[in-house]
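Data first, discussion second: the structure below is written as structure tokens.
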Amino acid sequence: MGHTATEQAGSGGLTATEHRLANGLRVVLSEDHLTPVAAVCLWYDVGSRHEVKGRTGLAHLFEHLMFQGSAQVKGNGHFELVQGAGGSLNGTTSFERTNYFETMPAHELELALWLEADRMGSLLTALDDESMENQRDVVKNERRQRYDNVPYGTAFEKLTAMAYPEGHPYHHTPIGSMADLDAASLEDARAFFRTYYAPNNVVLSIVGDIDPEQTLAWVEKYFGSIPAHDGKQAPRDGTLPDVIGGELREVVEEDVPARALMAAYRLPHDGTREADAADLALTVLGGGESSRLYNRLVRRDRSAVAAGFGLLRLAGAPSLGWLDVKTSGGVEVPGIERAVDEELARFAAEGPTPEEMERAQAQLEREWLDRLATVSGRADELCRFAVLFGDPQLALTAVRRVLDITPEEVQAVAKARLRPDNRAVLVYEPTEPTDAADTEEGEADQ
């Protein structure tokens, strides 16, 4: 069964239809005949927040195992078939979901659907000790490359662990620990797949130059016979107080090219007006080269080579406001921190100017429209709103909600949340600072 969505105000003329198979698979279609391509996106409702202590990293490990073959697709065949047909593909893991996606020439849509259905329905027939060991090593190497052996690579893991206390479902990051990856058994992986990789735990969105009737027929043909699974437990409660209640701080001495100040502020849950207001506040403060912090620290004081402030949106736990400042020359962090606090206090007291508000809303509007304008971006957003908030149609009106936020709401969330007692702070000090290293700008974007 399915229903056709009517065009909604603020959707820019975009529409989507929703359907559900008998096995629980939710399907979202959005026609777009501008170019002869089609995007397929699946969001499985499983991420690192579903993992338990001692078995972290399984969600991310499975992102890799899903490309290791299934009943009718051997080895690296998924990549080979998609790329051989002129398509592109990938998968990612977060705290709250694991997603897989292909963008194909429109006439190759059926291939992508068949491939996704085959691994959803039959991955366990191909999962063995060899593929498990192979991908365990790949994930461990990825951890080394992205976390352990790169400048500032430990920041995300450290700040997350500080902002979310021990035992909280978001305390650990999706990459998982080396010890837990080593401890994961083949049976752990099989049980994880049976629990979470079921059709009633996924949203499939298909966007682009499609024939809805034919597309639904293919979805029913390939996915309809995959059985549902009812063993999934709800994720643990991620609720926390609005404010941490005291600054948390750690100094890290590592081989980094420059001193750095990083901080995570506890902010409202995604899907709320307050989260949109927080996004606008951080855009004014640290969203690009016209922002307050960039103008103060980089342009005026010349105490930093980079200064950014962005929002990590989370639905099942408080979002995080992510501050990242890399110092210039021999500048030390306390001076940077005083300047940051001055700017945050001034913003909380005065709020955004009309010009800043207009610029921030225009910036976020452009970013949203850029996402919705591509078939892959729209497919991803339709899945996101369906999985996290129950309604894919919300993706089509997100721009309108951002533009509805008032300057008073932006000021209010800044005053309530962007405070010293509501942040986890990480200070990087180089183990062997040199003038040359301190002035490098190549590590500015982390």
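- A salt bridge is absent between D380 and R378; no separation between the charged side-chain nitrogens and carboxylate oxygens falls under 4.0 Å.
- No more than 12 heavy atoms of other residues, nucleotides or ligands shown are found within 6.0 angstrom of NZ on K415.
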Take T327 and Y428 through the side chain to side chain donor-acceptor pair (under 3.5 Å) test and state the conclusion after the steps. CA-CA 10 Å; T327 68; Y428 278 89; over 6 Å; no
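- In summary, of the residues considered (L364, L311, V402, V410), a side chain to side chain contact (heavy atoms under 4.5 Å, CB included) with T283 occurs for L364 alone.
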Go through the steps to decide whether L418 and L285 satisfy the test side-chain contact (heavy atoms from CB on, under 4.5 Å), and finish with yes or no. CA-CA 11 Å; L418 299 181; L285 288 163; 3.6 Å; yes
Test E80 against H78 for side chain to side chain donor-acceptor pair (under 3.5 Å), laying out the working first. CA-CA 6 Å; E80 293 168 356; H78 194 110; over 6 Å; no
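- A salt bridge is absent between R346 and D341; no separation between the charged side-chain nitrogens and carboxylate oxygens falls under 4.0 Å.
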Just do the side chain to side chain donor-acceptor pair (under 3.5 Å) check on S319 and D270 with the steps written out, would you? CA-CA 7 Å; S319 301; D270 193 15; 5.8 Å; no
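- Aromatic ring orientation, F95 versus Y164: perpendicular (interplanar angle above 60°, classes split at 30° and 60°).
- The CG atom of L204 sits 5.0 Å away from the CZ atom of F223 when rounded to the nearest 0.5 Å.
- Residue pairs satisfying the salt bridge (Lys or Arg N to Asp or Glu O under 4.0 Å) criterion with at least one member in residues 291-301, sequence neighbours excluded, are listed as follows: E289-R299, R292-E356, R296-D301, R296-E342, R296-E343.
- Looking only at side-chain heavy atoms (C-beta outward), L394 and L396 stay at 4.5 Å or farther from each other.
- Side-chain contact between V284 and M357: absent, with no pair of heavy atoms (C-beta onward) separated by less than 4.5 Å.
- Atom CZ in R423 sits 14.5 Å away from atom CG in L320 (nearest 0.5 Å).
- Judged by a 6.0 Å distance limit and a 45° cone about the ring axis, K158 is not positioned over the six-membered ring of Y147.
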Just do the side chain to side chain donor-acceptor pair (under 3.5 Å) check on E142 and H64 with the steps written out, would you? CA-CA 11 Å; E142 182 180 336; H64 289 259; 3.0 Å; yes
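- Considering Y265, F309, F156 in turn, F156 is the only one that fulfils the ring-ring contact (aromatic ring centres under 6.0 Å, His included) rule with W322.
- Ion pair E337/R249 flagged as a salt bridge, since at least one NZ, NE, NH1 or NH2 atom sits closer than 4.0 Å to an Asp/Glu carboxylate oxygen.
- Between the side chains of R26 and S205, no donor-acceptor pair of N or O atoms lies under 3.5 Å.
- For E254 and Y152, the side-chain atoms include no donor-acceptor pair closer than 3.5 Å.
- For the pair V425/E250, no side-chain contact is recorded, criterion being any heavy-atom separation below 4.5 Å from C-beta on.
- Atom OG in S291 sits 8.5 Å away from atom CD in Q363 (nearest 0.5 Å).
- A260 and V333 get closest at one heavy-atom pair: O-CG2, 3.9 Å.
- Of all non-hydrogen atoms in Q411 and A349, the two that sit nearest each other are NE2-O, 3.0 Å.
- Side-chain N/O atoms of H50 and Q233 include no donor and acceptor closer than 3.5 Å.
- Two residues are said to be in side-chain contact when any heavy atoms from C-beta on lie closer than 4.5 Å; F67 and N76 fail this criterion.
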In sequence, state the C-alpha distance, the side-chain angles, and the governing distance for V139 and L181, and then conclude on side-chain contact (heavy atoms from CB on, under 4.5 Å). CA-CA 8 Å; V139 172; L181 287 168; 3.8 Å; yes
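- Side-chain N/O atoms of S70 and D118 include a donor and acceptor closer than 3.5 Å.
- Of all heavy-atom pairs spanning A38 and I210, the tightest one is CB-CG2, 4.0 Å.
- For the side chain to side chain contact (heavy atoms under 4.5 Å, CB included) criterion with I206, the lone passing option out of L113, L382, V28 is L113.
- Taken from CG in D45 to CG in L388, the straight-line distance is 7.5 Å, to the nearest 0.5 Å.
- In this structure, A112 and M104 approach most closely via the heavy-atom pair CB-CG, 3.8 Å.
- Ionic pairing of R266 and D242 is not present here: no N-O contact between side-chain nitrogen and carboxylate oxygen is shorter than 4.0 angstrom.
- Under the 4.0 Å criterion applied to side-chain N and carboxylate O atoms, R313 and D276 are assigned as salt-bridge partners.
- When the shell of 6.0 Å around CD of E358 is examined, it contains 12 or fewer heavy atoms from other residues, nucleotides or ligands.
- The ring pair (Phe, Tyr, Trp, His ring centres under 6.0 Å) check on F385 picks up F389, with sequence neighbours excluded.
- Rounded to the nearest 0.5 angstrom, H269 NE2 and L314 CG are separated by 9.0 Å.
- Residues A278 and L267 come closest through the heavy atom pair CB-CD1, 4.3 Å.
- V73 is not listed as a side-chain neighbour of R119, based on a closest heavy-atom distance of 4.5 Å or more.
- Considering all non-hydrogen atoms of both residues, I336 and A304 come closest at CD1-CB, 4.2 Å.
- Atom CG of L109 sits about 14.5 Å away from atom CH2 of W114, to the nearest 0.5 Å.
- Under the salt bridge (Lys or Arg N to Asp or Glu O under 4.0 Å) criterion, D421 pairs with R419, sequence neighbours left out.
- R384 has its side chain out of reach of R97: every pair of non-hydrogen atoms, C-beta onward, lies at least 4.5 Å apart.
- With 3.5 Å as the limit, one finds a donor-acceptor pair spanning the side chains of E63 and T93.
- Put simply, the side chain of L42 does not reach to within 4.5 Å of the side chain of N99, judged on heavy atoms.
- Side chains of E110 and Q214: a donor-acceptor N/O pair is absent below 3.5 angstrom, by distance only.
- Panel note: side chain R259, backbone V331; a donor-acceptor pair is recorded below 3.5 Å.
- By the neighbour-count criterion of 12 heavy atoms within 6.0 Å, atom CZ of R144 is densely surrounded, having more than that number from other residues, nucleotides or ligands.
- When each of H60, R236, H172 is paired with E51, the side-chain hydrogen bond (donor to acceptor under 3.5 Å, both in side chains) condition holds for H172 and for no other.
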After noting the C-alpha distance and the side-chain angles of Q83 and L89, does the key distance pass the side-chain contact (heavy atoms from CB on, under 4.5 Å) rule? CA-CA 8 Å; Q83 292 173 340; L89 71 163; 3.9 Å; yes
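- Within 6.0 Å of the CD atom in E213, the count of heavy atoms belonging to other residues, nucleotides or ligands does not exceed 12.
- Annotation: side chain of V27 is not in contact with side chain of R20 (no heavy-atom distance under 4.5 Å).
- Here the rule is ring-ring contact (aromatic ring centres under 6.0 Å, His included) with Y44, and of F193, Y100, F62, Y196 only Y100 fits it.
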